[in-house]
Colleague: 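Before I ask anything, let me first share the structure, which is written out below as structure tokens.
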Amino acid sequence: MSDPEESHLVQERRQKVERLRVRGVEPYPWNFPDRVPTSVVVERCRSLTPGATASGPDARVAGRLRTIRQHGRSAFLDLEDQAGPLQLFLRVDEIGEPAYSEWLSDLDPGDLVGAEGSPMVTRRGEPSLLVRQLTLLAKAIAPPPEKFHGLKDAELRLRRRYLDLLSAPESRARFRARSLFVREIRHFFDEHDFLEVETPVLGAVASGAAAQPFVTHSSYLDEDLQLRISLELPLKRLLVGGLERVYELGRIFRNEDLDVTHLPEFSMLEAYWAYTDYTDMQRLMEAMYFRLARRIAELLPEVPTAVEAPTLFQPPFAVVDFVDALEQYSGLHGIVDKSRDELRDLARATGTTVPEASPTGKFLEKLFEHYVEPHLTRPTFVVDHPVATTPLAKRHRSKPGRVERFELYCRGVELANAYSELNDPDDQVRRFGEQLAAKGTEFYAMDRDFVLALQYGMPPASGVGFGVDRAFMALTGTPSIKETILFPPVRSQP
RNA sequence: GGGCCCAUAGCUCAGCCCGGUAGAGCAGGCGGCUCUUAACCGCAAGAUCAGGGGUUCGAAUCCCCUUGGGCCCGCCA
């Protein structure tokens with residue numbers, strides 16, 4: 001897209017700025033005190049009959065001009081602030097000449113203005129402000145997107161998110177909901193006595209998951225550092241340290257391709273809860289998602305998927321055994337006893353192209369994705385995965401070859417991943433070792449300091465993690481993760 | 001990594017198949033209009049048709065390359 005600097009529209013608006021300055025009007029003043037949201041004026045209009053003007057004190061509002069409809073000696077201006085739109089009504093009778101002509105000649109859609117006047121309702125019934133004083137608060141040099149169709153260009157919507165926000169109310173509503181959704185998650189964990197903590201983004205080795213890290217370099221240490229790919233291992237160290245309920249909600253980084261459900265940086269929540277196991281965590285997740293679903297339904301009453309969420313997430317959620325579900329939907333038998341090569345061949349038979357060097361658990365996950373995941377439309381806990389899938393989970397107390405783990409699925413999206421956390425330091429070393437032995441590109445890096453921490457004793461605990469962006473997508477029906485992120489990554493322009 | 005699609009005025013879109021003077025609406029300019037709300041009426045203006053190369057008498061249109069974006073597949077515990 002061409003630079004707006006070159007446009008004749010910009011030149012004309014610059015000339016208006018000069019005219020304003022010549023007239024002694026500051027085009028970029030410092031503040032606009034005592035303003036109220038447009039909703040306050042709309043509320044005061046509620047008791048007025050069409051054609052009536054309020055008798056009380058004047059109101060002051062401020063916001064962006066969306067449209068200007070001139071009718072000779074009167075004009076309607078649509079002003080919008082965060083609370084919503086409000087029509088301004090200008091009349092020569094009210095403000096006189098030359099003020100009326102001067103204001104209208106140098107105002108454009110997109111300008112930020114303040115207005116003072118009386119709440120009124122037009123004869124057509126539109127809540128309005130009968131303006132006595134108009135103040136330019138910031139002249140817009142660049143013209144705004146088209147007033148009716150808005151900004152459709154997908155690239156510009158991402159590169160200039162501010163234009164998307166200022167022209168698309170549904171986009172503003174979604175991002176507002178996202179922000180309050182995150183706040184609700186924090187409230188939930190705070191109220192359950194979890195302590196929010198911050199752990200390092202930069203470290204010597206990124207572990208706790210199998211993913212490609214971003215690598216950077218520290219001048220001070222003169223060594224390469226990796227950006228975190230998980231929150232898990234630092235948080236478990238805090239369990240060792242005696243913090244019994246901790247959570248972190250933060251950005252993590254994975255140096256991989258992006259698509260509608262993946263971005264190189266995204267928001268993850270992980271929580272660890274001492275002296276509980278993964279069944280306690282199931283109850284916590286049921287409560288959390290039910291609460292989040294109700295909140296989302298309040299926040300986005302215009303979005304059908306959001307409105308349906310509380311019904312869908314009504315506890316209790318379904319529970320299925322990972323192996324039972326896989327064998328049932330695939331028709332395969334004896335999954336747990338099959339060799340790595342047999343599982344690899346079965347996985348490849350489904351059409352997936354997992355690399356030869358993948359750990360055994362990878363093949364099981366591929367089989368599960370292919371045969372079972374499409375069937376999980378209602379919230380469902382998939383429990384007790386084979387050991388090979390999960391190097392950080394505790395072995396199952398009664399099912400040999402399994403770990404105590406659940407994944408929560410809904411609408412085909414993974415909404416939580418939780419374990420009874422492995423706290424046996426020797427078993428942890430073995431499990432890291434099994435990952436490394438597979439020598440694939442995907443593995444959990446050995447974190448020796450973490451193993452040392454376990455040697456001092458970590459209480460039995462359950463832990464959970466979920467992608468905040470994906471949880472928001474699933475509850476609201478947002479189709480692309482980019483629409484949940486204000487500034488998603490874009491290539492730099494040539 | 002593979003495949004398909006898209007890029008025309010500040011914005012929203014026609015025009016492209018089938019090559020022949022680049023169009024509309026909104027926004028902006030000028031004029032009119034004191035209850036409109038995608039206001040309305042009249043006049044005039046606004047384009048590196050993403051960029052580069054090729055074919056052709058002639059390219060927005062056909063071909064190739066590049067850039068950016070979108071969708072699908074693969075990969076991403």
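Computed from a predicted structure; not experimentally measured. Lettering follows sequence order; numbering is per chain, from 1.
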Colleague: For the ring pair A:Phe368 and A:Phe322, is the centre-to-centre distance below 6.0 Å?
Modeller: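 Ring centroids of A:Phe368 and A:Phe322 are less than 6.0 Å from each other.
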
Colleague: How would you list, by chain and number, every residue that makes a salt bridge (Lys or Arg N to Asp or Glu O under 4.0 Å) with A:Glu170, sequence neighbours excluded?
Modeller: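 Here no residue qualifies.
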
Colleague: Please determine, for the side chain of A:Lys16, which listed nucleotide (B:rC75, B:rC35, B:rG29) has the closest atom?
Modeller: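 Closest of the options to the side chain of A:Lys16: B:rG29.
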
Colleague: Choosing from B:rG70, B:rG68, B:rG28, which nucleotide comes nearest the side chain of A:Arg159?
Modeller: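 Of the candidates, B:rG68 comes closest.
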
Colleague: Any base atoms under 4.0 Å from A:Leu258, or only sugar-phosphate, or nothing? Heavy atoms, all strands.
Modeller: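 Counting heavy atoms under 4.0 Å across all strands, no contact is made by A:Leu258.
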
Colleague: Nearest of B:rG74, B:rG69, B:rC35 to any side-chain atom of A:Ala154?
Modeller: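 Of all the options, the side chain of A:Ala154 is nearest to B:rG69.
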
Colleague: Counting any heavy atom closer than 4.0 Å, what does A:Leu151 reach on the DNA or RNA strands: base, sugar-phosphate only, or nothing?
Modeller: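 Sugar-phosphate, no base atom in range.
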
Colleague: Under 4.0 Å, heavy atoms only, any strand: does A:Gly51 hit a base, just the sugar-phosphate, or nothing?
Modeller: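 A:Gly51: no heavy atom of the nucleic acid under 4.0 Å.
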
Colleague: Does B:rG69 have OP1 or OP2 under 4.0 Å away from a side-chain N or O of A:Arg491?
Modeller: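 Answer yes for this pair, as a side-chain N or O of A:Arg491 is under 4.0 Å from OP1 or OP2.
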
Colleague: Quick check for you: among B:rC11, B:rG29, B:rG70, whose closest atom lies nearest to any side-chain atom of A:Leu156?
Modeller: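 So the nucleotide nearest the side chain must be B:rC11.
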
Colleague: May I ask you to decide if the ring planes of A:Tyr289 and A:Phe466 are parallel, tilted or perpendicular, using 30° and 60° as cut-offs?
Modeller: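 It falls in the tilted class, 30° to 60°.
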
Colleague: Could you list the residues that satisfy side-chain contact (heavy atoms from CB on, under 4.5 Å) with A:Gln282, not counting sequence neighbours?
Modeller: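 Testing A:Gln282 for side-chain contact (heavy atoms from CB on, under 4.5 Å), a comparison that skips the adjacent residues, returns A:Tyr278, A:Val319, A:Phe381, A:Val383, A:Phe406.
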
Colleague: Categorize A:Asn417 for me: base, sugar-phosphate, or nothing, with a 4.0 angstrom heavy-atom threshold over every strand shown.
Modeller: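 If one applies the 4.0 Å heavy-atom cut-off, A:Asn417 turns out to touch nothing in the nucleic acid.
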
Colleague: Please classify the nucleic acid contact of A:Gln70 as base, sugar-phosphate, or nothing, using heavy-atom distances under 4.0 Å.
Modeller: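 A:Gln70: base contact, heavy atoms under 4.0 Å.
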
Colleague: Return the nearest nucleotide to the side chain of A:Ser74; candidates are B:rC75, B:rU34, B:rC72.
Modeller: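 When the side chain of A:Ser74 is considered, B:rU34 is the closest of B:rC75, B:rU34, B:rC72.
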
Colleague: Of the nucleotides B:rG28, B:rG69, B:rC35, which has the atom closest to the A:Phe76 side chain?
Modeller: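 Of all the options, the side chain of A:Phe76 is nearest to B:rC35.
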
